[in-house]
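Starting off with a structure, shown below.
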Amino acid sequence: MPEPILEVRDLTVHFYTYAGIVKAIEKVSFDVYKGETFALVGETGCGKSVTSRALTQLIESPGRIVGGKVIYHRDDGSTVDLLRLKEEEIREIRGKEIAYIFQDPHASLDPLYTVGYQIAEAMVVHGTVKDWKEGFKRAVDILRRVLIPDPESRVKNYPHELSGGMKQRVVIGIGVSNNPRILIADEPTTALDVTVQAQILDLMNKLKEEYKTTVILITHNMGVVAEMADRVAVMYAGKIVEIGSVDQIFKNPLHPYTQGLLKAVPNPLARIEKLETIPGTVPNLITPPSGCRFHPRCPRVMGICKEEVPKLKEMEPGHFVACHLY
Amino acid sequence: MSEPILKVENLKKYFPIRGLLRTVGYVKAVDGVSFEINKGETFGLVGESGCGKTTTGRTILRLIEPTDGNITFEGKDVTRLKGEEMKWFRRKAQIMFQDPYSSLNPRQTVFEIIMEPVRFHGIEVDDPEEFVIKLLESVGLNEMHLYRYPHEFSGGQRQRIALARLLALKPEFIVLDEPTSALDVSVQATILNMMKELQREHGFTYLFISHDLGVVKYMSHRMGVMYLGKLVEVGPADKVFENPLHPYTKFLLSAIPVPDPELARELKKQRMKVEGEPPSPINPPAGCRFHPRCPFVKDVCRREEPPLVEVEKDHYVACWLYAKS
């Protein structure tokens with residue numbers, strides 16, 4: 001039986017804008033197991049990034065976490081609801097036990113400090129090293145761990161002296177500097193070329209095996225999901241529509257949205273005569289559609305879909321879907 | 001189908017790097033690229049950031065003046081066109097850009113956006129409104145959208161407007177520069193299908209530039225792979241994917257994450273390992289430009305540039321593994 005490390009229940013985040021309340025995510029529930037790679041996939045605006053940030057209260061005004069629980073199982077066996085912690089308390093965990101890697105390596109690094117300083121800073125702030133001197137020494141090891149050639153001299157470089165792929169390695173280095181138990185990677189390779197992407201994904205897999213880190217991967221790229229994930233949650237318009245193992249999701253997708261999404265990806269290894277499309281566009285989340293949020297675009301819509309919000313149902317062991325067809 | 005509408009020979013584009021008083025060097029963005037595109041076909045151009053694929057596309061249209069080389073469009077030498085003939089070329093050859101947020105004027109309505117080039121080229125239209133509505137309908141929009149502004153549309157809809165604008169001029173050749181890179185997959189699929197449909201209907205010739213190999217495979221009849229300003233492989237898209245010849249092409253193909261978990265596990269084991277990143281196009285490596293990273297490097301690769309040779313029918317590669325020195 002896999003052991004959960006995070007249990008997310010009914011997580012709801014709203015953004016209070018002049019145009020109205022944007023219901024970015026609504027009652028999102030899932031478990032993340034120890035040591036796995038859990039992928040959150042979906043298209044722009046589906047709420048995958050908001051979900052990942054809300055886990056450690058990283059939501060800024062006008063956004064607010066309206067409800068839900070994020071139960072975190074600590075190393076000593078105790079549990080804690082991350083959403084109930086005070087700012088000082090969550091800061092102890094964020095960046096140390098739960099670390100983030102963001103999409104844009106240019107924006108994640110401060111152009112005024114050397115990369116060594118920035119890696120050391122992450123450790124000094126969390127007290128994992130005793131002083132800055134040790135921090136700088138460890139920074140060299142970390143650069144070596146993320147496979148940056150010539151780390152002794154690279155540690156003195158400023159971000160502008162590194163390529164995009166190198167910068168993302170540094171960002172990953174900062175992320176893993178405190179040996180986090182959970183690493184949340186939000187589109188870590190989207191800004192990179194495919195060959196560099198392959199190198200970074202390899203690196204993440206290697207680090208994960210070495211340190212037994214649990215990874216939460218946020219991406220829109222189905223190829224990256226197939227390659228990296230153990231389990232997958234598919235999001236649409238602020239809701240999780242399907243959760244399952246990577247094989248269940250790809251071999252036997254149940255939700256019409258998941259099915260459509262998979263058929264819309266041009267697979268370079270297949271001969272495709274015509275890509276299938278999902279008609280319509282993503283709904284406005286100020287006034288989301290009633291019932292199932294996918295119903296206006298669903299090819300198999302029924303009467304009940306407009307009225308009732310479908311709940312996640314377990315169809316085979318570990319494979320959940322929120323759809324009235326089942 | 002076999003007649004070339006566009007012929008590019010030894011195209012070069014060097015961007016000068018200016019120092020304090022003089023030019024201190026050149027970025028060799030495109031360095032001797034040759035290919036042909038047949039009427040009615042899609043030629044895909046793939047490569048990573050900075051390989052020169054976008055510069056190639058823009059130089060062909062003379063949005064950037066080429067440093068050297070010949071471009072022949074429908075038998076005319078594009079590099080020498082002037083006046084009325086240039087205006088003819090500007091109408092016949094169009095481009096669609098990557099970013100749907102910056103390629104439309106935010107102060108113009110859809111109607112004005114589409115009519116501006118029509119007026120500029122002096123194309124007679126009986127009823128402009130009806131003319132624009134017809135165009136909008138051909139890209140899946142309608143008269144409701146006629147007097148709206150770009151900010152009221154999503155990314156996918158804006159790319160439709162950009163398509164309608166170039167359709168208005170009845171072009172023959174269209175450069176599509178990463179037209180769907182900014183879009184979500186489900187929207188991308190719709191736009192790609194629409195572009196294929198329009199090609200069938202009007203017989204367009206496309207130069208399709210993209211870094212997404214899956215998209216290039218889906219769209220292209222023939223394709224070219226670029227690395228550091230050079231074409232390293234050219235051939236029918238199916239053949240390039242089934243039987244990649246150049247080590248860089250192999251590397252590129254093996255790096256794509258495949259949307260199939262079972263296959264991905266298999267492929268991961270046999271993935272080609274290539275270290276490092278593309279070097280700078282300011283001082284590109286001598287000989288074959290891929291040699292510092294190539295796992296099959298030989299002596300000759302460091303000294304001499306490999307010629308483009310035909311290995312199987314219509315399938316060319318520039319690599320010393322296949323050429324005789």
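What's counted below: heavy atoms across the whole structure, side chains too, no hydrogens, waters or symmetry copies. Remember, it's a predicted structure, so these values are computed and weren't measured experimentally. Chain letters run A, B, ... following the sequence lines, proteins first, then strands; residues in each count from 1.
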Identify which part of A:Val225 has an atom lying under 4.5 Å from any heavy atom of chain B, answering side chain, backbone, both or neither.
neither
Heavy-atom closest contact (B:Asn193 atom, A:Leu275 atom, distance)
ND2-O, 2.8 Å
Pick from B:Val185, B:Val258, B:Asp260, B:Val216 with the largest number of heavy-atom pairs that fall under 4.5 Å of chain A
B:Val258
Separation of B:Asp184 CG from A:His220 NE2 (nearest 0.5 Å):
7.5 Å
Is it the backbone or the side chain of B:Gln188 that comes under 4.5 Å from a heavy atom of chain A, or both, or neither?
side chain
Taking B:Ser254, B:Pro257, B:Gly140 one by one, which has the highest count of heavy-atom pairs under 4.5 Å against chain A?
B:Pro257
The interface call for B:Leu192 against chain A, heavy-atom contacts under 4.5 Å, is side chain
So, the part of A:Ala229 with a heavy atom under 4.5 Å from chain B: the answer is neither
What heavy-atom pair brings A:Asp193 and B:Glu48 nearest, and what distance separates the two atoms?
CB-OE1, 3.0 Å
What is the minimum heavy-atom distance between B:Ala255 and A:Thr195, and which atoms define it?
CB-CA, 3.9 Å
Rounded to the nearest 0.5 Å, what separation is found between the CZ atom of B:Arg265 and the CG atom of A:Asp247?
4.5 Å
Residue selection (most heavy-atom pairs with chain A, distance under 4.5 Å) from B:Val187, B:Leu252, B:Asp238:
B:Asp238
Over 12 non-hydrogen atoms of neighbours within 6.0 angstrom of CD in B:Glu152:
yes
Is any side-chain N of the basic residue among A:Arg271 and B:Glu242 closer than 4.0 Å to the acidic one's carboxylate O?
yes
So, taking the atom named CG in A:Leu269 and the one named CG in B:Leu267, what distance separates them when rounded to the nearest 0.5 Å?
6.5 Å
Need one label for B:Asp212: side chain, backbone, both or neither, based on atoms under 4.5 Å from any heavy atom in chain A.
neither
Could you tell me which portion of A:Met166 (side chain, backbone, both or neither) has an atom closer than 4.5 angstrom to a non-hydrogen atom of chain B?
both
CG (A:Asn267) and CG (B:Leu263) are apart, to the nearest 0.5 Å, by 8.0 Å
Minimum-distance pair of heavy atoms, taken over all atoms of A:Pro266 and B:Val215
CG-CG2, 3.8 Å
CD1 of A:Ile278 to OG1 of B:Thr190: how many Å apart, nearest 0.5 Å?
8.5 Å
Carboxylate-amine/guanidinium proximity below 4.0 Å for B:Glu262 and A:Lys251
yes
Closest non-hydrogen atom pair, B:Pro259 against A:Val265
CG-CG1, 4.1 Å
Mind listing the closest non-hydrogen atom pair of B:Ser186 and A:Glu43 along with its distance?
OG-OE2, 2.8 Å
Working to the nearest 0.5 angstrom, can you tell me the gap between A:Glu273 CD and B:Lys196 NZ?
6.5 Å
